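Note that the structure is predicted; figures quoted are calculated from it, not measured. Order of the sequence lines fixes the chain letters, A, B, ..., with proteins taken first and strands second; residue numbering starts at 1 for each chain.
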2 protein chains.
Amino acid sequence: MTTSSIDQRVSLAVSTVIFALRPHPDTGLMTLWLPLVRRIREPYEGMWALPGGPLEADEDLAASAQHTLERTTGLAPNYLEQLYAFGNVDRSHSDTVGYRSSDRVVSIVYWALVRQDEVARAVDGENVEWFVADDLPPLAFDHAQIVDYALARLRAKITYTPIAHAFLPTEFTLADLRAVHEAVLRTTLDPANFRRQALATKTLVPTGTCLQGTSHRPPALFRFEAGAPTPAPEEQR
Amino acid sequence: MTTSSIDQRVSLAVSTVIFALRPHPDTGLMTLWLPLVRRIREPYEGMWALPGGPLEADEDLAASAQHTLERTTGLAPNYLEQLYAFGNVDRSHSDTVGYRSSDRVVSIVYWALVRQDEVARAVDGENVEWFVADDLPPLAFDHAQIVDYALARLRAKITYTPIAHAFLPTEFTLADLRAVHEAVLRTTLDPANFRRQALATKTLVPTGTCLQGTSHRPPALFRFEAGAPTPAPEEQR
DNA sequence: GGCACTTAATGTTGACGTGACTTTAAGGTA
DNA sequence: TACCTTAAAGTCACGTCAACATTAAGTGCC
(Lines give C-alpha, C1' and ligand atoms only; values in the text may rest on other atoms or scores of the structure.)
Protein backbone atom coordinates (compact mmCIF):
# COMPACT_ATOMS: atom_id res chain seq x y z
CA MET A 1 0.00 0.00 0.00
CA THR A 2 2.69 2.45 0.98
CA THR A 3 6.05 2.28 -0.67
CA SER A 4 8.67 4.15 1.29
CA SER A 5 10.34 6.79 -0.78
CA ILE A 6 14.07 6.43 -0.91
CA ASP A 7 15.02 10.02 -0.17
CA GLN A 8 13.28 10.11 3.20
CA ARG A 9 14.24 8.48 6.47
CA VAL A 10 12.50 8.49 9.82
CA SER A 11 14.59 9.72 12.71
CA LEU A 12 13.61 9.88 16.35
CA ALA A 13 13.97 12.87 18.63
CA VAL A 14 13.02 13.55 22.23
CA SER A 15 11.93 17.05 23.25
CA THR A 16 10.62 18.54 26.46
CA VAL A 17 8.29 21.34 27.45
CA ILE A 18 9.64 22.66 30.74
CA PHE A 19 7.50 24.78 33.01
CA ALA A 20 8.65 26.98 35.86
CA LEU A 21 7.16 29.79 37.90
CA ARG A 22 8.66 33.28 38.11
CA PRO A 23 7.23 36.70 38.80
CA HIS A 24 6.15 38.56 35.70
CA PRO A 25 8.42 41.59 35.02
CA ASP A 26 5.48 43.94 34.45
CA THR A 27 2.79 42.88 36.88
CA GLY A 28 4.95 41.15 39.45
CA LEU A 29 2.47 38.29 39.48
CA MET A 30 3.60 34.68 39.50
CA THR A 31 3.56 33.44 35.93
CA LEU A 32 4.36 30.33 33.95
CA TRP A 33 7.64 30.47 32.07
CA LEU A 34 9.48 28.03 29.87
CA PRO A 35 13.00 27.90 28.45
CA LEU A 36 13.51 27.79 24.70
CA VAL A 37 16.59 27.13 22.63
CA ARG A 38 17.60 29.12 19.60
CA ARG A 39 18.15 26.98 16.50
CA ILE A 40 21.64 27.36 15.13
CA ARG A 41 21.07 25.53 11.86
CA GLU A 42 18.49 25.00 9.16
CA PRO A 43 15.63 24.49 9.09
CA TYR A 44 14.16 27.36 11.08
CA GLU A 45 17.63 28.72 11.86
CA GLY A 46 17.49 31.55 14.37
CA MET A 47 14.02 30.71 15.61
CA TRP A 48 13.16 29.46 19.06
CA ALA A 49 12.43 25.79 19.67
CA LEU A 50 11.91 23.28 22.44
CA PRO A 51 15.05 21.77 23.94
CA GLY A 52 15.57 18.29 22.58
CA GLY A 53 17.83 16.03 20.65
CA PRO A 54 18.14 12.70 18.91
CA LEU A 55 17.47 9.55 20.93
CA GLU A 56 20.67 7.75 21.75
CA ALA A 57 20.65 4.04 21.16
CA ASP A 58 21.33 3.11 24.78
CA GLU A 59 19.08 5.68 26.43
CA ASP A 60 15.59 5.22 27.82
CA LEU A 61 13.09 7.77 26.55
CA ALA A 62 12.65 9.65 29.82
CA ALA A 63 16.40 9.52 30.43
CA SER A 64 16.98 11.07 27.03
CA ALA A 65 14.65 13.93 27.91
CA GLN A 66 16.49 14.50 31.18
CA HIS A 67 19.93 14.38 29.59
CA THR A 68 19.07 16.93 26.90
CA LEU A 69 17.53 19.11 29.54
CA GLU A 70 20.64 18.98 31.66
CA ARG A 71 22.85 19.59 28.65
CA THR A 72 21.02 22.55 27.17
CA THR A 73 19.49 24.33 30.14
CA GLY A 74 21.27 22.85 33.16
CA LEU A 75 17.93 22.03 34.74
CA ALA A 76 16.96 18.96 36.74
CA PRO A 77 13.19 18.53 36.60
CA ASN A 78 11.14 17.67 39.65
CA TYR A 79 8.45 16.08 37.55
CA LEU A 80 8.64 14.47 34.14
CA GLU A 81 5.90 12.83 32.13
CA GLN A 82 5.46 11.79 28.55
CA LEU A 83 3.14 14.11 26.65
CA TYR A 84 2.65 12.79 23.14
CA ALA A 85 4.43 11.44 20.11
CA PHE A 86 4.24 13.86 17.20
CA GLY A 87 5.08 12.29 13.92
CA ASN A 88 2.97 13.46 11.05
CA VAL A 89 4.80 13.50 7.75
CA ASP A 90 4.28 17.19 7.08
CA ARG A 91 5.22 18.51 10.49
CA SER A 92 8.71 19.66 9.56
CA HIS A 93 7.39 22.17 7.06
CA SER A 94 3.98 22.75 8.55
CA ASP A 95 4.36 26.51 8.74
CA THR A 96 4.28 26.94 4.98
CA VAL A 97 7.87 28.14 5.16
CA GLY A 98 9.92 27.01 2.20
CA TYR A 99 12.31 24.91 4.24
CA ARG A 100 12.67 21.30 3.15
CA SER A 101 14.37 18.81 5.35
CA SER A 102 15.21 15.50 3.78
CA ASP A 103 14.65 13.65 7.05
CA ARG A 104 11.29 13.10 8.62
CA VAL A 105 11.36 13.50 12.39
CA VAL A 106 9.16 11.78 14.94
CA SER A 107 9.33 13.63 18.25
CA ILE A 108 8.46 12.00 21.51
CA VAL A 109 7.65 14.98 23.69
CA TYR A 110 7.83 15.12 27.48
CA TRP A 111 6.66 17.83 29.80
CA ALA A 112 8.45 18.75 32.99
CA LEU A 113 8.09 20.90 36.07
CA VAL A 114 10.99 22.47 37.93
CA ARG A 115 11.14 24.01 41.39
CA GLN A 116 11.49 27.72 41.84
CA ASP A 117 14.86 27.45 43.53
CA GLU A 118 16.05 25.15 40.73
CA VAL A 119 15.30 27.85 38.20
CA ALA A 120 18.00 29.98 39.77
CA ARG A 121 20.58 27.35 38.79
CA ALA A 122 19.44 27.53 35.18
CA VAL A 123 22.03 28.43 32.62
CA ASP A 124 20.87 31.52 30.79
CA GLY A 125 23.31 30.87 28.02
CA GLU A 126 23.69 32.52 24.68
CA ASN A 127 21.06 30.42 22.96
CA VAL A 128 18.76 29.69 25.89
CA GLU A 129 16.13 32.12 27.06
CA TRP A 130 13.02 32.07 29.23
CA PHE A 131 9.64 33.16 27.92
CA VAL A 132 6.18 33.65 29.36
CA ALA A 133 4.32 30.48 28.46
CA ASP A 134 1.19 32.28 27.29
CA ASP A 135 3.06 34.86 25.26
CA LEU A 136 5.61 33.11 23.11
CA PRO A 137 7.41 34.27 19.99
CA PRO A 138 6.86 32.28 16.78
CA LEU A 139 8.38 28.86 17.27
CA ALA A 140 10.11 26.47 14.91
CA PHE A 141 8.34 23.43 13.45
CA ASP A 142 5.02 22.64 15.14
CA HIS A 143 6.38 23.51 18.57
CA ALA A 144 3.77 26.19 19.21
CA GLN A 145 1.00 23.60 19.00
CA ILE A 146 3.00 21.27 21.20
CA VAL A 147 3.34 23.94 23.88
CA ASP A 148 -0.38 24.65 23.66
CA TYR A 149 -1.10 21.00 24.22
CA ALA A 150 1.34 20.78 27.12
CA LEU A 151 -0.22 23.86 28.70
CA ALA A 152 -3.68 22.35 28.40
CA ARG A 153 -2.39 19.13 29.93
CA LEU A 154 -0.75 20.92 32.85
CA ARG A 155 -3.85 22.98 33.56
CA ALA A 156 -6.10 19.95 33.37
CA LYS A 157 -3.88 17.75 35.49
CA ILE A 158 -3.22 20.24 38.26
CA THR A 159 -6.96 20.34 38.97
CA TYR A 160 -7.29 16.64 39.71
CA THR A 161 -3.78 15.58 40.70
CA PRO A 162 -1.36 16.93 43.30
CA ILE A 163 1.45 18.03 41.00
CA ALA A 164 1.57 21.64 42.14
CA HIS A 165 4.07 20.62 44.81
CA ALA A 166 6.59 19.99 42.03
CA PHE A 167 6.98 23.77 41.79
CA LEU A 168 7.57 24.17 45.52
CA PRO A 169 10.28 23.34 48.05
CA THR A 170 9.70 20.45 50.44
CA GLU A 171 8.00 22.65 53.01
CA PHE A 172 5.36 25.17 52.05
CA THR A 173 2.24 26.92 53.26
CA LEU A 174 -1.23 26.51 51.86
CA ALA A 175 -0.95 30.04 50.53
CA ASP A 176 2.14 28.99 48.58
CA LEU A 177 0.30 26.03 47.14
CA ARG A 178 -2.66 28.17 46.25
CA ALA A 179 -0.41 30.71 44.59
CA VAL A 180 0.89 27.95 42.32
CA HIS A 181 -2.62 26.96 41.31
CA GLU A 182 -3.58 30.55 40.71
CA ALA A 183 -0.52 31.20 38.59
CA VAL A 184 -1.00 28.09 36.49
CA LEU A 185 -4.73 28.52 36.01
CA ARG A 186 -4.61 32.31 35.84
CA THR A 187 -7.47 32.80 38.25
CA THR A 188 -8.05 33.68 41.86
CA LEU A 189 -9.17 30.94 44.17
CA ASP A 190 -11.12 31.19 47.41
CA PRO A 191 -8.60 30.55 50.19
CA ALA A 192 -11.10 28.79 52.44
CA ASN A 193 -12.41 26.45 49.76
CA PHE A 194 -8.94 25.77 48.44
CA ARG A 195 -7.83 24.76 51.91
CA ARG A 196 -10.72 22.34 52.26
CA GLN A 197 -10.02 20.68 48.93
CA ALA A 198 -6.28 20.50 49.48
CA LEU A 199 -6.65 18.89 52.88
CA ALA A 200 -9.26 16.46 51.58
CA THR A 201 -6.72 14.91 49.23
CA LYS A 202 -4.76 13.49 52.18
CA THR A 203 -1.56 14.12 50.26
CA LEU A 204 -0.53 17.00 52.54
CA VAL A 205 1.22 16.28 55.81
CA PRO A 206 1.42 19.09 58.38
CA THR A 207 4.94 19.49 59.70
CA GLY A 208 3.65 20.82 63.01
CA THR A 209 5.66 23.99 62.63
CA CYS A 210 4.57 27.39 61.43
CA LEU A 211 6.23 29.89 59.19
CA GLN A 212 7.61 32.73 61.32
CA GLY A 213 8.40 36.30 60.42
CA THR A 214 5.15 37.22 58.78
CA SER A 215 3.42 40.45 59.71
CA HIS A 216 0.25 38.56 60.56
CA ARG A 217 -0.95 35.22 61.83
CA PRO A 218 1.76 32.61 61.08
CA PRO A 219 0.60 29.96 58.60
CA ALA A 220 1.17 26.24 59.17
CA LEU A 221 3.80 24.48 57.10
CA PHE A 222 3.05 21.35 55.09
CA ARG A 223 5.03 18.67 53.40
CA PHE A 224 3.95 16.59 50.46
CA GLU A 225 3.17 12.98 51.16
CA ALA A 226 5.92 10.64 50.03
CA GLY A 227 4.93 8.61 47.01
CA ALA A 228 5.87 7.97 43.43
CA PRO A 229 5.45 11.11 41.32
CA THR A 230 3.24 9.57 38.62
CA PRO A 231 5.41 6.85 37.15
CA ALA A 232 5.25 6.25 33.44
CA PRO A 233 3.39 3.09 32.47
CA GLU A 234 6.59 1.41 31.39
CA GLU A 235 7.94 1.79 34.89
CA GLN A 236 4.82 0.60 36.63
CA ARG A 237 4.64 -2.63 38.62
CA MET B 1 27.82 11.20 28.43
CA THR B 2 26.16 8.56 26.31
CA THR B 3 28.04 7.07 23.44
CA SER B 4 25.80 5.13 21.14
CA SER B 5 26.98 1.59 20.74
CA ILE B 6 27.55 0.60 17.17
CA ASP B 7 25.74 -2.72 17.18
CA GLN B 8 22.40 -1.20 18.14
CA ARG B 9 19.99 0.87 16.09
CA VAL B 10 16.70 2.42 17.03
CA SER B 11 13.77 1.44 14.85
CA LEU B 12 10.22 2.71 15.06
CA ALA B 13 7.09 0.60 15.11
CA VAL B 14 3.40 1.38 15.46
CA SER B 15 1.13 -1.08 17.27
CA THR B 16 -2.51 -0.99 18.25
CA VAL B 17 -4.64 -2.40 21.02
CA ILE B 18 -8.04 -3.06 19.46
CA PHE B 19 -11.10 -3.55 21.61
CA ALA B 20 -14.40 -5.05 20.56
CA LEU B 21 -17.42 -6.46 22.34
CA ARG B 22 -18.69 -10.02 21.90
CA PRO B 23 -20.67 -12.37 24.07
CA HIS B 24 -18.55 -14.59 26.26
CA PRO B 25 -18.75 -18.24 25.15
CA ASP B 26 -19.32 -19.53 28.69
CA THR B 27 -21.50 -16.95 30.39
CA GLY B 28 -23.07 -15.37 27.33
CA LEU B 29 -22.35 -11.95 28.83
CA MET B 30 -21.01 -9.11 26.73
CA THR B 31 -17.25 -9.07 27.16
CA LEU B 32 -14.22 -7.14 25.94
CA TRP B 33 -12.18 -8.95 23.31
CA LEU B 34 -9.11 -8.06 21.36
CA PRO B 35 -7.39 -9.56 18.33
CA LEU B 36 -3.79 -10.75 18.60
CA VAL B 37 -1.32 -11.83 15.97
CA ARG B 38 0.91 -14.86 16.25
CA ARG B 39 4.57 -14.06 15.75
CA ILE B 40 6.08 -16.01 12.89
CA ARG B 41 9.73 -15.17 13.58
CA GLU B 42 12.14 -14.58 16.40
CA PRO B 43 12.12 -13.15 18.95
CA TYR B 44 9.11 -14.62 20.73
CA GLU B 45 8.26 -16.79 17.72
CA GLY B 46 4.91 -18.53 18.13
CA MET B 47 3.70 -16.21 20.87
CA TRP B 48 0.84 -13.78 20.58
CA ALA B 49 1.49 -10.08 20.08
CA LEU B 50 -0.28 -6.85 19.25
CA PRO B 51 -0.83 -6.14 15.57
CA GLY B 52 1.70 -3.62 14.36
CA GLY B 53 4.51 -2.94 12.01
CA PRO B 54 7.33 -0.60 11.10
CA LEU B 55 6.47 3.01 10.40
CA GLU B 56 6.64 3.76 6.70
CA ALA B 57 8.47 6.91 5.75
CA ASP B 58 5.47 8.56 4.10
CA GLU B 59 2.83 7.55 6.62
CA ASP B 60 1.34 9.56 9.45
CA LEU B 61 1.39 7.78 12.79
CA ALA B 62 -2.36 7.23 13.05
CA ALA B 63 -2.51 6.23 9.41
CA SER B 64 0.17 3.65 10.02
CA ALA B 65 -1.87 2.17 12.83
CA GLN B 66 -4.92 1.98 10.61
CA HIS B 67 -3.05 0.43 7.70
CA THR B 68 -1.51 -2.31 9.78
CA LEU B 69 -4.88 -2.96 11.31
CA GLU B 70 -6.50 -3.30 7.92
CA ARG B 71 -3.70 -5.50 6.66
CA THR B 72 -3.51 -7.93 9.56
CA THR B 73 -7.07 -8.10 10.87
CA GLY B 74 -9.19 -6.49 8.16
CA LEU B 75 -10.72 -4.16 10.71
CA ALA B 76 -11.60 -0.48 10.30
CA PRO B 77 -11.70 1.13 13.74
CA ASN B 78 -14.44 3.50 14.75
CA TYR B 79 -12.20 5.23 17.26
CA LEU B 80 -8.44 5.58 17.33
CA GLU B 81 -6.27 7.38 19.84
CA GLN B 82 -2.62 7.39 20.69
CA LEU B 83 -1.90 5.56 23.92
CA TYR B 84 1.78 5.89 24.73
CA ALA B 85 5.26 5.57 23.28
CA PHE B 86 7.12 2.64 24.77
CA GLY B 87 10.80 2.79 24.21
CA ASN B 88 12.88 1.64 27.12
CA VAL B 89 16.13 0.01 26.11
CA ASP B 90 15.42 -3.30 27.81
CA ARG B 91 11.88 -3.81 26.60
CA SER B 92 12.70 -6.30 23.87
CA HIS B 93 14.03 -8.83 26.33
CA SER B 94 12.14 -7.78 29.40
CA ASP B 95 10.71 -11.20 30.09
CA THR B 96 14.08 -12.67 31.05
CA VAL B 97 13.82 -14.88 28.01
CA GLY B 98 17.15 -15.51 26.33
CA TYR B 99 16.21 -13.81 23.11
CA ARG B 100 18.49 -11.06 21.94
CA SER B 101 17.46 -8.75 19.18
CA SER B 102 20.14 -6.55 17.76
CA ASP B 103 17.70 -3.73 17.09
CA ARG B 104 16.10 -1.60 19.73
CA VAL B 105 12.43 -0.90 19.03
CA VAL B 106 10.45 2.15 20.06
CA SER B 107 6.73 1.41 19.75
CA ILE B 108 4.15 4.11 19.41
CA VAL B 109 1.01 2.37 20.57
CA TYR B 110 -2.54 3.31 19.65
CA TRP B 111 -5.78 1.98 21.03
CA ALA B 112 -8.88 1.48 18.98
CA LEU B 113 -12.54 0.61 19.30
CA VAL B 114 -14.53 -1.23 16.64
CA ARG B 115 -18.27 -1.61 16.24
CA GLN B 116 -19.96 -4.92 16.88
CA ASP B 117 -21.10 -5.32 13.29
CA GLU B 118 -17.59 -4.51 12.11
CA VAL B 119 -16.23 -7.41 14.12
CA ALA B 120 -18.19 -9.78 11.89
CA ARG B 121 -16.10 -8.61 8.93
CA ALA B 122 -12.91 -9.44 10.79
CA VAL B 123 -10.59 -11.90 9.17
CA ASP B 124 -10.05 -14.78 11.55
CA GLY B 125 -6.98 -15.84 9.66
CA GLU B 126 -4.43 -18.45 10.49
CA ASN B 127 -2.34 -16.19 12.67
CA VAL B 128 -5.03 -13.86 14.00
CA GLU B 129 -7.22 -14.80 16.91
CA TRP B 130 -9.55 -13.04 19.32
CA PHE B 131 -9.07 -13.26 23.08
CA VAL B 132 -10.93 -12.10 26.15
CA ALA B 133 -9.16 -8.90 27.18
CA ASP B 134 -9.01 -9.76 30.85
CA ASP B 135 -7.84 -13.33 30.29
CA LEU B 136 -4.98 -13.26 27.84
CA PRO B 137 -2.28 -15.84 27.14
CA PRO B 138 1.34 -14.83 27.76
CA LEU B 139 2.24 -12.14 25.25
CA ALA B 140 5.45 -11.31 23.43
CA PHE B 141 7.68 -8.42 24.50
CA ASP B 142 6.04 -6.07 27.03
CA HIS B 143 2.70 -6.30 25.29
CA ALA B 144 0.91 -7.63 28.36
CA GLN B 145 1.71 -4.42 30.24
CA ILE B 146 0.67 -2.38 27.24
CA VAL B 147 -2.71 -4.09 27.13
CA ASP B 148 -3.13 -3.51 30.86
CA TYR B 149 -2.45 0.16 30.37
CA ALA B 150 -4.85 0.38 27.43
CA LEU B 151 -7.53 -1.37 29.44
CA ALA B 152 -7.10 1.06 32.31
CA ARG B 153 -7.27 3.95 29.87
CA LEU B 154 -10.44 2.65 28.24
CA ARG B 155 -12.13 2.08 31.58
CA ALA B 156 -11.15 5.49 32.87
CA LYS B 157 -12.12 7.33 29.71
CA ILE B 158 -15.51 5.69 29.24
CA THR B 159 -16.58 7.09 32.60
CA TYR B 160 -16.01 10.72 31.69
CA THR B 161 -16.21 10.77 27.90
CA PRO B 162 -18.85 9.53 25.49
CA ILE B 163 -16.81 6.90 23.65
CA ALA B 164 -19.12 3.97 24.33
CA HIS B 165 -21.00 4.82 21.16
CA ALA B 166 -17.93 3.70 19.19
CA PHE B 167 -18.97 0.13 19.96
CA LEU B 168 -22.52 0.66 18.74
CA PRO B 169 -24.32 1.24 15.43
CA THR B 170 -25.58 4.73 14.64
CA GLU B 171 -28.93 4.13 16.33
CA PHE B 172 -29.17 2.47 19.70
CA THR B 173 -31.24 2.32 22.86
CA LEU B 174 -30.13 3.45 26.28
CA ALA B 175 -30.13 -0.21 27.31
CA ASP B 176 -27.60 -0.89 24.54
CA LEU B 177 -25.42 1.97 25.73
CA ARG B 178 -25.66 0.80 29.29
CA ALA B 179 -24.76 -2.74 28.25
CA VAL B 180 -21.54 -1.37 26.75
CA HIS B 181 -20.63 0.41 29.96
CA GLU B 182 -21.43 -2.65 32.02
CA ALA B 183 -19.35 -4.90 29.77
CA VAL B 184 -16.36 -2.58 29.78
CA LEU B 185 -16.45 -1.83 33.49
CA ARG B 186 -17.58 -5.32 34.48
CA THR B 187 -20.31 -4.08 36.80
CA THR B 188 -24.03 -3.62 36.82
CA LEU B 189 -25.37 -0.09 36.61
CA ASP B 190 -28.67 1.24 37.82
CA PRO B 191 -30.79 1.80 34.69
CA ALA B 192 -32.53 4.88 36.04
CA ASN B 193 -29.38 6.63 37.19
CA PHE B 194 -27.53 5.69 34.03
CA ARG B 195 -30.29 7.24 31.97
CA ARG B 196 -30.11 10.46 33.93
CA GLN B 197 -26.35 10.73 33.55
CA ALA B 198 -26.38 9.81 29.87
CA LEU B 199 -29.01 12.38 29.00
CA ALA B 200 -27.24 15.05 31.04
CA THR B 201 -24.22 14.88 28.72
CA LYS B 202 -26.28 16.38 25.87
CA THR B 203 -24.39 14.15 23.45
CA LEU B 204 -27.40 11.91 22.82
CA VAL B 205 -30.00 12.93 20.29
CA PRO B 206 -33.35 11.11 20.34
CA THR B 207 -34.35 9.95 16.88
CA GLY B 208 -38.02 10.17 17.77
CA THR B 209 -38.57 6.56 16.86
CA CYS B 210 -38.76 3.52 19.09
CA LEU B 211 -37.35 0.06 18.70
CA GLN B 212 -40.19 -2.31 17.77
CA GLY B 213 -40.57 -6.03 18.24
CA THR B 214 -39.66 -6.24 21.89
CA SER B 215 -41.84 -8.26 24.21
CA HIS B 216 -42.26 -5.26 26.49
CA ARG B 217 -42.41 -1.51 26.36
CA PRO B 218 -40.54 -0.32 23.26
CA PRO B 219 -37.43 1.72 24.10
CA ALA B 220 -36.60 5.01 22.41
CA LEU B 221 -33.78 5.10 19.90
CA PHE B 222 -30.90 7.56 20.14
CA ARG B 223 -28.20 8.79 17.88
CA PHE B 224 -24.83 10.15 18.92
CA GLU B 225 -24.33 13.85 18.51
CA ALA B 226 -22.20 14.69 15.51
CA GLY B 227 -18.78 15.90 16.48
CA ALA B 228 -15.14 15.06 16.11
CA PRO B 229 -14.30 11.79 17.89
CA THR B 230 -11.47 13.12 20.04
CA PRO B 231 -8.94 14.33 17.51
CA ALA B 232 -5.29 13.83 18.21
CA PRO B 233 -3.49 17.00 19.26
CA GLU B 234 -1.56 17.10 16.00
CA GLU B 235 -4.81 17.35 14.12
CA GLN B 236 -6.34 19.98 16.36
CA ARG B 237 -7.08 23.52 15.21
C1' DG C 1 -1.78 48.96 76.38
C1' DG C 2 -5.24 49.56 72.86
C1' DC C 3 -6.64 49.84 68.18
C1' DA C 4 -6.32 49.12 63.20
C1' DC C 5 -4.78 45.95 59.83
C1' DT C 6 -3.60 41.57 57.65
C1' DT C 7 -3.83 36.84 56.80
C1' DA C 8 -4.95 32.03 58.83
C1' DA C 9 -8.32 28.92 59.97
C1' DT C 10 -12.99 27.43 60.93
C1' DG C 11 -18.11 27.59 60.16
C1' DT C 12 -22.47 28.14 57.72
C1' DT C 13 -25.64 28.03 54.02
C1' DG C 14 -27.80 26.89 49.59
C1' DA C 15 -27.36 24.75 45.04
C1' DC C 16 -26.22 20.74 42.69
C1' DG C 17 -25.00 15.90 41.52
C1' DT C 18 -25.47 11.19 42.69
C1' DG C 19 -26.80 6.49 44.61
C1' DA C 20 -30.67 3.80 46.21
C1' DC C 21 -35.17 3.18 45.67
C1' DT C 22 -40.25 3.75 44.21
C1' DT C 23 -43.86 4.52 40.98
C1' DT C 24 -46.05 4.75 36.61
C1' DA C 25 -46.12 3.61 31.46
C1' DA C 26 -46.36 0.47 27.60
C1' DG C 27 -45.91 -3.29 25.42
C1' DG C 28 -46.40 -8.80 24.99
C1' DT C 29 -48.11 -13.35 26.72
C1' DA C 30 -50.77 -17.10 29.44
C1' DT D 1 -58.07 -9.92 32.17
C1' DA D 2 -54.11 -11.00 35.02
C1' DC D 3 -49.32 -11.11 34.85
C1' DC D 4 -44.61 -10.41 33.37
C1' DT D 5 -40.92 -7.50 31.59
C1' DT D 6 -38.59 -3.45 30.59
C1' DA D 7 -38.90 1.80 29.83
C1' DA D 8 -39.24 6.07 31.83
C1' DA D 9 -40.06 9.33 35.38
C1' DG D 10 -40.04 10.64 40.19
C1' DT D 11 -38.51 10.75 45.26
C1' DC D 12 -35.28 11.16 49.00
C1' DA D 13 -31.06 11.20 51.73
C1' DC D 14 -26.36 12.20 51.48
C1' DG D 15 -21.98 14.35 50.05
C1' DT D 16 -19.53 17.91 47.48
C1' DC D 17 -18.69 22.50 46.53
C1' DA D 18 -18.94 27.63 45.74
C1' DA D 19 -19.94 31.74 48.22
C1' DC D 20 -19.92 34.04 52.22
C1' DA D 21 -19.39 34.95 57.36
C1' DT D 22 -16.85 34.51 61.64
C1' DT D 23 -13.15 33.81 64.77
C1' DA D 24 -7.97 33.35 65.63
C1' DA D 25 -3.30 35.09 65.78
C1' DG D 26 0.13 37.74 64.63
C1' DT D 27 2.45 42.92 63.46
C1' DG D 28 2.66 47.90 63.45
C1' DC D 29 1.17 52.52 65.02
C1' DC D 30 -0.70 55.92 68.37
Side-chain angles (χ1 to χ4, degrees), chain A residues 23 28-30 155-162 164-165 168-169 171-224, chain B residues 23 28-30 155-162 164-165 168-169 171-224:
Chain A
L29 293 172
M30 269 301 190
R155 289 186 169 130
K157 193 147 190 176
I158 205 175
T159 61
Y160 62 90
T161 319
H165 71 95
L168 296 170
E171 293 197 0
F172 51 86
T173 69
L174 282 173
D176 294 333
L177 191 65
R178 179 165 51 86
V180 171
H181 277 83
E182 290 180 335
V184 169
L185 300 174
R186 295 196 296 181
T187 34
T188 58
L189 298 171
D190 184 286
N193 294 333
F194 181 82
R195 152 183 301 272
R196 197 174 12 101
Q197 276 181 232
L199 295 180
T201 62
K202 311 280 186 187
T203 55
L204 292 180
V205 182
T207 64
T209 58
C210 286
L211 181 65
Q212 302 296 342
T214 62
S215 67
H216 53 271
R217 174 169 178 177
L221 285 171
F222 291 86
R223 194 185 299 269
F224 187 68
Chain B
L29 292 173
M30 269 300 188
R155 290 188 168 127
K157 194 148 190 174
I158 204 175
T159 61
Y160 63 89
T161 319
H165 71 94
L168 295 170
E171 294 197 0
F172 50 87
T173 69
L174 282 174
D176 294 334
L177 191 65
R178 179 167 50 89
V180 171
H181 277 82
E182 290 180 336
V184 169
L185 299 173
R186 294 197 295 181
T187 35
T188 57
L189 298 171
D190 184 287
N193 294 335
F194 180 82
R195 153 183 301 271
R196 212 183 347 137
Q197 276 182 233
L199 295 180
T201 62
K202 310 280 186 186
T203 55
L204 291 180
V205 181
T207 63
T209 58
C210 285
L211 182 65
Q212 303 297 340
T214 61
S215 66
H216 53 272
R217 176 170 177 174
L221 285 171
F222 290 86
R223 195 184 299 267
F224 187 67

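- What you find for Ala220(A) and Cys210(A) is that their closest heavy atoms are CA-SG, 3.9 Å.
- Rounding to the nearest 0.5 Å places CG of Leu177(A) at 11.0 Å from CD of Gln197(A).
- For the atom pair CZ (Phe172(B)) and OG1 (Thr207(B)), the distance works out to 10.0 Å, reported to the nearest 0.5 Å.
- Looking at heavy atoms from C-beta onward, Pro219(A) lies out of side-chain contact with Leu174(A) at the 4.5 angstrom threshold.
- One atom, CZ of Arg178(B), and another, P of dG19(C), lie 14 Å apart when rounded to the nearest Å.
- Side-chain nitrogen and oxygen atoms of Gln197(B) include at least one within less than 4.0 Å of the OP1 or OP2 phosphate oxygen of dG19(C).
- For Leu199(B) and dA7(D), the CG to P distance is 13 Å, given to the nearest whole Å.
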Could you write out each protein N or O paired with an N or O of nucleotides 26-30 of chain C at a distance under 3.5 Å?
residue: dG27(C); atom: N2; partner: Ser215(B); partner atom: O; Å: 3.4

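- Using a 4.0 Å heavy-atom cutoff across all strands shown, Ala200(B) reaches no nucleic acid atom at all.
- In terms of the side chain to side chain contact (heavy atoms under 4.5 Å, CB included) criterion, residue partners of Leu189(A) (sequence neighbours excluded) are, by chain and number, Arg178(A), His181(A), Glu182(A), Thr187(A), Phe194(A).
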If you restrict it to nitrogen or oxygen atoms, what contacts under 3.5 Å exist between nucleotides 12-14 of chain C and the protein, and what is each distance?
none

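- In this view, Arg217(B) satisfies the salt bridge (Lys or Arg N to Asp or Glu O under 4.0 Å) rule with no residue, not counting sequence neighbours.
- Separating the CZ atom in Phe222(B) from the CG atom in Leu168(B) is a distance of 13.0 Å, to the nearest 0.5 Å.
- The stretch residues 181-189 of chain A has no heavy atom under 4.0 Å from DNA chain D, so no residue of it qualifies as close.
- As rounded to whole Å, 12 Å separates atom P of dA9(C) from atom CG of Leu204(A).
- Nearest to the side-chain atoms of Asp190(A) among the listed nucleotides dC21(C), dA9(D), dC20(D) stands dC20(D).
- Qualifying salt bridge (Lys or Arg N to Asp or Glu O under 4.0 Å) partners for Arg196(A), counting only residues two or more places apart in sequence or in other chains: none.
- For the atom pair CG (Asp176(B)) and CD (Glu171(B)), the distance works out to 11.0 Å, reported to the nearest 0.5 Å.
- Following rounding to the nearest Å, Arg195(A) (CZ) and dT16(D) (C1') show an atom-to-atom distance of 18 Å.
- Across the protein-nucleic acid pair, Tyr160(B) atom OH and dT18(C) atom P stand 16 Å apart, rounded to whole Å.
- Minimum heavy-atom separation, Met30(A) to Pro23(A): SD-N, 3.9 Å.
- One interatomic measurement links the two molecules: CG of Asp176(A) to C1' of dA8(C), which rounds to 13 Å at whole-angstrom precision.
- Rounding to whole angstrom units, CG of residue Leu174(A) and C1' of dT7(C) are separated by 13 Å.
- Residue contacts shown for Ala220(A) are limited to sugar-phosphate atoms, with no base heavy atom under 4.0 Å away.
- By the 4.5 Å heavy-atom criterion applied to side chains, Pro162(A) and Thr203(A) are counted as neighbours.
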